[in-house]
Chemist: 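Encoded as structure tokens, here's the structure I'll be asking about.
Protein chains get the first letters and strands the later ones, always in sequence-line order, with residue 1 at the start of each.
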Number of protein chains: 2
Amino acid sequence: MDATMIPTVPTSPGTGRKRPTIRDVAREAGVSYATVSRVLNGREWVSPESVRAVRDAITRTGYTANPHARSLATGRSGSIAFLLTEPQHLLFEDPNFAVLLRGVAQALSARELTLILMIAATPEERGRAVTYLSGGHVDGVLLVSPHSGDPLLSQLVRAEVPIVACGKVLGHETTISSVAADEWAGARSAVEHLLAAGCRRIAHIAGPQDTSGGVERLRGYADALTAYGLPVDEAAIVHGDWSHESGAAGMRELLRRVPGLDAVFAASDAMAAGTLPVLREAGRDVPGDVRLVGFDDSGLAATLHPPLSSVRNPLDRISEEMVRLLGELVAGRTPLSITVPTSLVLRESSPA
Amino acid sequence: MDATMIPTVPTSPGTGRKRPTIRDVAREAGVSYATVSRVLNGREWVSPESVRAVRDAITRTGYTANPHARSLATGRSGSIAFLLTEPQHLLFEDPNFAVLLRGVAQALSARELTLILMIAATPEERGRAVTYLSGGHVDGVLLVSPHSGDPLLSQLVRAEVPIVACGKVLGHETTISSVAADEWAGARSAVEHLLAAGCRRIAHIAGPQDTSGGVERLRGYADALTAYGLPVDEAAIVHGDWSHESGAAGMRELLRRVPGLDAVFAASDAMAAGTLPVLREAGRDVPGDVRLVGFDDSGLAATLHPPLSSVRNPLDRISEEMVRLLGELVAGRTPLSITVPTSLVLRESSPA
DNA sequence: GCCATTCCTGTAACCGGTTACAGTGATGCT
DNA sequence: AGCATCACTGTAACCGGTTACAGGAATGGC
């Protein structure tokens, strides 16, 4: 009983019996296979009796449509790609990323679409990804935080693949749809909250300035101060890379540079968390001496001591909108950029 | 030039020109389309001239194969599913999970397979997942830490879908292949290392006992002590849930219960990290008074103060093996369980 | 009674590949 | 020379769906 003796069967390997096809169902139901197809798609007139007969036959035979045959005939694949282009896969360590991925997975599942995950880190993988995506395997692509100048983007755009990005993609506004949180407004509201609580020496631990998030959050911080009539002091701004460590380092720097410091707005929860041990070591109580607000409202925020106020990044909303926009793009609508509002979640680190 | 005026073309929407097919390439190369197919697959004899002519025609036309047509003809989909069945998506917050996912993505990419990510958390999603996976959309399924009694498993097994799990699946040993780290040996080597360093009162912060990881690591700990001739003291064992917080709580408990404590072996890096502030607060120096070893060697381990010794969980190796095993399963081989070795990474928290 | 319309159904062509089979010309062997 | 073999190639059938088109039966209007 050598495996080579088994005659070639046109079914998936390991499956003993052949799967029923639309023809089998038709024979069972006593109608033509075109009628079965019509019942399946439900967009044409079929008599109630035929519908019932076909429905019965389907349950009796256990029929399920062959997705590849369907895709071949319709030209739609029923799947979309979630593409990560980040060379350093920082994204994977970021809990926000996981939340976004999960949200997208849910939104797609609800629409009966499948999620193809592609990681294009090495040049090799990137090449394969472009070939694959341009090759019509998927109906569209979801991109997370793409680098604006990435040649991969232009290649995909040239191949006319529908694309929706998370965060604006500079230089591709008319060809790539995007969904972004209103980070500027979020940052501004955080700082306004601190001002309203009486703080006057508010420092900022900024994110990388080559990301839209880092830039927008810093701008929101500065604009809130300006609007309140306070000067924007360069000494009160330090730069981190979103990480816990960089937050700690930034805090040490701020303690040195900013006398009378009474609040810190960090551009990420991780950086805000990094400030806590430094502040404790320096004998500054949070929120007694220094009030603290983070950004993202990641799972982290609520578990810290004290629980951290944070600007809620509505990732569930973002993922939902990304999928919706991609659907419209696939249906032929023109690209579109939308912004979703953030909200401030107050916890003990900055009481009202 | 209204979009509605464009006649219905059987190509993906948005694409202006029709994509070249194998027939176009054949015409361009002056051979039959069967020959083109043969060049593409390379498993049959084709004259060198024909090969060149076809290759040229392909580059000239920019041809790429239609994956759906190919799948329809071959019965292979070229894609595998990565299925998450965890109702509480703890997995997503676990950095190990991300590493595993990334490893699998790489291994599949190298084999020109695509990764379909499915999250089956709600009953609805679970139903859809079973239908989808049983329906022949994918060539196989990769499972992470499935619950042994999960009805979803039996359904997939009944549908004869090739499955490889990460970690043994009790009750399905003969139908589901699995890849697991040798956690017992890893735990044992960690404790042996502590014993060799002169420690005699070694405590263990165990993982959940309804997971194979939790059980195996505890067993390795106990066996190492027994083999050394030391008693296994129930008081020196506390139970956590892998989390930082549970590690801290466990450590507080141990300080109370175990006099003369000189070492702690934690079943996860997160729990080991949780012990550090507690130990510091109690005035115990690491590694001076208490030596500490974690498990998983996650990114966390090296960034702690002091850097944490840890048992390296070879997730890259595991993902690679999972994909390899699934390939064999798809090719018709019988299910198989394999174990990959762990290694101990020494850092400052437990010098040799 | 005749024709148009409406509702429903079947036939056939098509999507774009793979592959069994038959056939061709060149070469090798006897 | 005759035949088998080899190396290669083309035709045709097939995978399992969707859908344009051509009817057929029933209904309604004149």
Chemist: Could you give the CZ-to-P distance, from A:R23 to C:dA12, as a whole number of Å?
Modeler: 12 Å
Chemist: Strictly below 4.0 Å, heavy-atom distances to any atom of DNA chain C: list the hits from residues 28-40 of chain A, or just say none.
Modeler: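 Close to the strand are A:V31, A:S32, A:Y33, A:A34, A:T35, A:R38.
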Chemist: Would you mind reading off the bend of the helix from C:dG1-D:dC30 to C:dT30-D:dA1 from its two end axes, five pairs each, to 10 degrees?
Modeler: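 Terminal axis comparison yields 50°.
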Chemist: From CD of B:E49 over to P of D:dC8, roughly how many Å is that when rounded to an integer?
Modeler: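 Roughly 8 Å, once rounded to whole Å.
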Chemist: Report the residues that fulfil side chain to side chain contact (heavy atoms under 4.5 Å, CB included) with A:A129, sequence neighbours left out, ordered by chain and then residue number.
Modeler: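 So A:A129 forms a side chain to side chain contact (heavy atoms under 4.5 Å, CB included) with A:L83, A:M118, A:A120.
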Chemist: Let me confirm one number: the CD1-OG distance from B:I176 to B:S337, rounded to the nearest 0.5 Å.
Modeler: 9.5 Å
Chemist: Any side-chain N or O of B:S71 under 4.0 Å from OP1/OP2 of C:dG17?
Modeler: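 No, no such contact exists.
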Chemist: Within the 4.5 Å heavy-atom criterion, are B:L156 and B:S134 side-chain neighbours or not?
Modeler: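 Yes, side chains in contact.
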Chemist: Could you pull out all residues at least two apart from B:Q106 that satisfy side chain to side chain donor-acceptor pair (under 3.5 Å)?
Modeler: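 Scan of B:Q106 (side chain to side chain donor-acceptor pair (under 3.5 Å), adjacent residues dropped) gives none.
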Chemist: Write down the distance between CH2 (A:W45) and P (C:dT5), rounded to a whole number of angstrom.
Modeler: 19 Å
Chemist: For A:L72 and D:dC14, give me the distance from atom CG to atom P, rounded to whole Å.
Modeler: 17 Å
Chemist: Would you say B:R70 places a side-chain N or O within less than 4.0 Å of OP1 or OP2 belonging to C:dG16?
Modeler: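 For C:dG16, OP1/OP2 do not have a side-chain N/O of B:R70 under 4.0 Å.
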Chemist: Could you pull out the closest heavy-atom pair between A:L100 and A:S319, with the gap in Å?
Modeler: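 A:L100 and A:S319 have their closest heavy atoms at O-CB, 3.8 Å.
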Chemist: Can you tell me the distance, in whole Å, between the CG atom of A:D24 and the P atom of D:dG16?
Modeler: 9 Å
Chemist: What residues form a side chain to side chain contact (heavy atoms under 4.5 Å, CB included) with A:E321, not counting sequence neighbours?
Modeler: A:V179, A:R317, A:R324, A:I338, A:V340
Chemist: Under 3.5 Å, is there a donor-acceptor pair between the B:S71 and B:S77 side chains?
Modeler: no
Chemist: Report yes if the side chains of A:L115 and A:L101 come closer than 4.5 Å at any heavy-atom pair, otherwise no.
Modeler: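 Yes, close enough: below the 4.5 Å cut-off.
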Chemist: Check whether any side-chain N or O of B:S50 sits under 4.0 Å from OP1 or OP2 of D:dT9, and answer yes or no.
Modeler: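 So the side chain of B:S50 is within the cut-off, an N or O lying under 4.0 Å from OP1 or OP2 of D:dT9.
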Chemist: Give a yes/no answer on whether the side chain of B:T74 brings an N or O atom under 4.0 Å of OP1 or OP2 in D:dC15.
Modeler: no
Chemist: Determine, stepwise, if the pair A:L108 / A:T114 fulfils side chain to side chain contact (heavy atoms under 4.5 Å, CB included).
Modeler: CA-CA 6 Å; A:L108 289 174; A:T114 50; over 6 Å; no
Chemist: Salt bridge or not between B:R126 and B:D150? Use side-chain N to carboxylate O under 4.0 Å.
Modeler: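 Salt bridge: yes.
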Chemist: Check whether any side-chain N or O of B:N41 sits under 4.0 Å from OP1 or OP2 of C:dT18, and answer yes or no.
Modeler: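 For C:dT18, OP1/OP2 do have a side-chain N/O of B:N41 under 4.0 Å.
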Chemist: Using the side-chain heavy atoms of B:V46, tell me which of these nucleotides is nearest: D:dT9, D:dG17, C:dG16.
Modeler: D:dT9
Chemist: Grab the NE2-C1' distance between B:H68 and D:dC14 for me, whole Å please.
Modeler: 19 Å
Chemist: Between C:dG10 atom P and A:R27 atom CZ, what is the distance in whole Å?
Modeler: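 Atom CZ in A:R27 sits about 14 Å away from atom P in C:dG10.
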Chemist: Could A:E173 and A:K168 be called an ion pair, given the rule that one side-chain N must be under 4.0 Å from one carboxylate O?
Modeler: no
Chemist: Whether B:R19 and A:E160 form a salt bridge (side-chain N of Lys/Arg under 4.0 Å from carboxylate O of Asp/Glu) is what I want to check.
Modeler: no
Chemist: What are the residues of residues 127-134 of chain A, sorted by number, that bring a heavy atom to within less than 4.0 Å of DNA chain C?
Modeler: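 The stretch gives none, as no residue of it lies under 4.0 Å from the strand.
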